[in-house]
There are 2 protein chains.
Amino acid sequence: MALSETNSWTGIREILLRRINDREWSPGEQIPHEAALAEEFGCARATVNRALRDLADSGLVIRKRRAGTRVAQSPPQRATLTIQVIREEVEALGRSYRHSLLGRTEKPLPPALHGAFPVAPDADQLFLTTLHFADERPYAYEERTINPDAALDARSVDFSKISANEWLVHNAPYSHGDLAFFPVSADERLSQKLDTAPGTALFAMERTTWAGETPITHVRMIFAAGYRMRTGI
Amino acid sequence: MALSETNSWTGIREILLRRINDREWSPGEQIPHEAALAEEFGCARATVNRALRDLADSGLVIRKRRAGTRVAQSPPQRATLTIQVIREEVEALGRSYRHSLLGRTEKPLPPALHGAFPVAPDADQLFLTTLHFADERPYAYEERTINPDAALDARSVDFSKISANEWLVHNAPYSHGDLAFFPVSADERLSQKLDTAPGTALFAMERTTWAGETPITHVRMIFAAGYRMRTGI
DNA sequence: TAAGATAATATGCATGCACATATTAAGGTG
DNA sequence: CACCTTAATATGTGCATGCATATTATCTTA
């Protein structure tokens, strides 16, 4: 074969991809092992390894030690969403950003939420509600809980100057988090804040971030009507 | 330092991660170059490279040749969504799957859609509407356009036996696609199909897949009430 | 001084080798 | 024949080295 694509790991990935797409190797079928491919392409095994690892990362092949590499049965469609700080998201659209702090209270967490946000029952949490604007029109409504034990200076920050969203990103690094998207119907209060008709279907996102075992913040963000979350595959 | 974490690329990644999280290296700041880190950790440069490449993949550092590596200003939150074939998604929930083909027509694409789905104006497209069930309750409603020029045998497939979703995954490999999520309000027709009250806010997904420049299929999937799309960060 | 050529440098990647590790296959034993 | 041990094997990863490539800094030259 000896194509010009050989010798670079991306080139080899393209060759392998083509064989999979052309059904030269069918789903579920085992493909030649690294050493054999390396010999065929006249490159080092590490180069084949890099290409196969990339295909495995995108879910197209399944690799197991000793068992070899096989083509995935139904290649899952993996999409990577990039969730930016809202200010950056708005500014990237070429619109001007502003936010308004609607409310700030400190009180213990309602018992119902202790499952999802495990903090000491009597420890005050910081509750913020914020409205984000793009070109002076409502863009998203945010309800947030911050655990002051995890975000140490949070109590003394003026969140009307910097949004909690942005402050936390820069000051409370998290190890992991979970994320959910779902639709909500605008009630009277929401429709007023987001300047839309009651009953409008809105896009909502909920996120909890953690520093190890300690929850840092929980946020529910509800976007104004017309919001679409997009990505490539 | 010479921790036990040294000598494996994941260990080195953890050390680097800790330095970033502890603000030992602040956002925007340039970090030592690969050779220096390799010397510090007593490992090969390739090992440091692997760790840094991984951090760059997850968006925590920005790398440029000659310019070096610096900590990202606001680490974007990247979430990877895995979108399975609906049958597998339902079965993974431990529920039984069934689908029902509600409609099948062949007609040219409405002119309004030629921008998003560029096919010959007079070429017949295959239009399918499908209802997906989990445990005999409606799970998602699907409206799909298939370009028969890209999915060659599509016209002769009995989509009441195998869902278009699943057939395409196995028979029409795509090179790329785009994906959008948004909310819709259930109208009379939708609320009937999905067995919910009119006006309910529903989660919708739209996806177009391509084989190079040729569009393969466009699908709009509307999920029954209560659906949440979840992922980790 | 400004523009262009040139050198320096950090990352990107390929190679050949060695060893680690998970998993399967084969062999042996009661 | 079931069970355990042992060997074989494919992938995973580390190392040292060399060269490629993008980008920045520096040095010329008009």
Side-chain angles (χ1 to χ4, degrees), chain A residues 1-17 19-20 24-73 75, chain B residues 1-17 19-20 24-73 75:
Chain A
M1 184 128 299
L3 300 179
S4 63
E5 286 165 321
T6 308
N7 252 17
S8 93
W9 72 269
T10 47
I12 286 174
R13 183 190 53 191
E14 295 318 307
I15 298 177
L16 300 176
L17 196 56
R19 293 193 185 172
I20 292 170
E24 200 168 318
W25 294 325
S26 338
E29 187 181 334
Q30 191 163 338
I31 75 177
H33 63 257
E34 293 186 350
L37 291 169
E39 193 184 5
E40 177 191 348
F41 297 134
C43 68
R45 188 168 76 88
T47 309
V48 173
N49 181 286
R50 185 91 158 80
L52 283 173
R53 199 149 36 81
D54 195 73
L55 290 176
D57 283 345
S58 61
L60 245 80
V61 300
I62 314 286
R63 320 194 68 200
K64 274 200 289 201
R65 279 187 186 172
R66 156 73 202 182
T69 303
R70 43 186 71 239
V71 180
Q73 292 283 355
Chain B
M1 184 127 300
L3 299 181
S4 63
E5 286 165 321
T6 308
N7 254 16
S8 95
W9 72 268
T10 46
I12 286 174
R13 182 190 55 190
E14 296 319 308
I15 297 177
L16 301 176
L17 195 57
R19 292 194 184 171
I20 293 170
E24 201 168 316
W25 294 326
S26 339
E29 186 180 338
Q30 189 163 340
I31 76 178
H33 62 258
E34 292 186 351
L37 291 169
E39 192 184 5
E40 178 189 349
F41 298 133
C43 66
R45 190 167 73 85
T47 308
V48 173
N49 181 286
R50 184 90 159 80
L52 284 172
R53 198 149 36 79
D54 194 75
L55 290 176
D57 283 346
S58 60
L60 244 81
V61 301
I62 313 286
R63 318 194 69 199
K64 274 201 288 203
R65 279 188 184 171
R66 158 71 203 182
T69 303
R70 45 186 70 238
V71 181
Q73 292 282 355

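So that the names make sense, note that chain A is the first sequence line, chain B the second, and so on, each numbered from 1.
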Partner of Thr69(A) under side-chain contact (heavy atoms from CB on, under 4.5 Å), picked from Arg63(A), Arg53(A), Lys64(A), is Arg63(A)

Next on the checklist: Tell me whether the side-chain N/O atoms of Asn49(A) come closer than 4.0 Å to OP1 or OP2 in dG12(D).
Outcome noted: yes

Does Thr47(B) make a side-chain N or O approach to OP1 or OP2 of dC15(D) shorter than 4.0 Å?
-> yes

Between Ser8(B) (side chain) and Gly11(B) (backbone), is there a donor-acceptor pair under 3.5 Å?
yes

Report yes if the side chains of Val71(A) and Ser26(A) come closer than 4.5 Å at any heavy-atom pair, otherwise no.
no

- Does a side-chain heavy-atom distance below 4.5 Å link Cys43(A) with Trp9(A)? no

Heavy atoms of Gly59(A) and Ala72(A) approach each other most closely as O-CB, 3.5 Å

Separation of dC15(D) atom P from Glu34(B) atom CD, nearest Å, is 13 Å

Side-chain ion pair, Arg45(A) and Glu40(A), N-O less than 4.0 Å:
no

**Asked** Base, sugar-phosphate, or nothing for Arg45(B), non-hydrogen atoms under 4.0 angstrom?
**Response** base

Per nearest nucleotide of DNA chain C, the residue lying toward the 5' end, Ala46(B) or Ala35(B), is Ala35(B)

Per the under-4.0 Å heavy-atom filter, residues of residues 52-70 of chain B near DNA chain C come out as Arg63(B), Lys64(B), Arg65(B), Arg66(B), Gly68(B), Thr69(B)

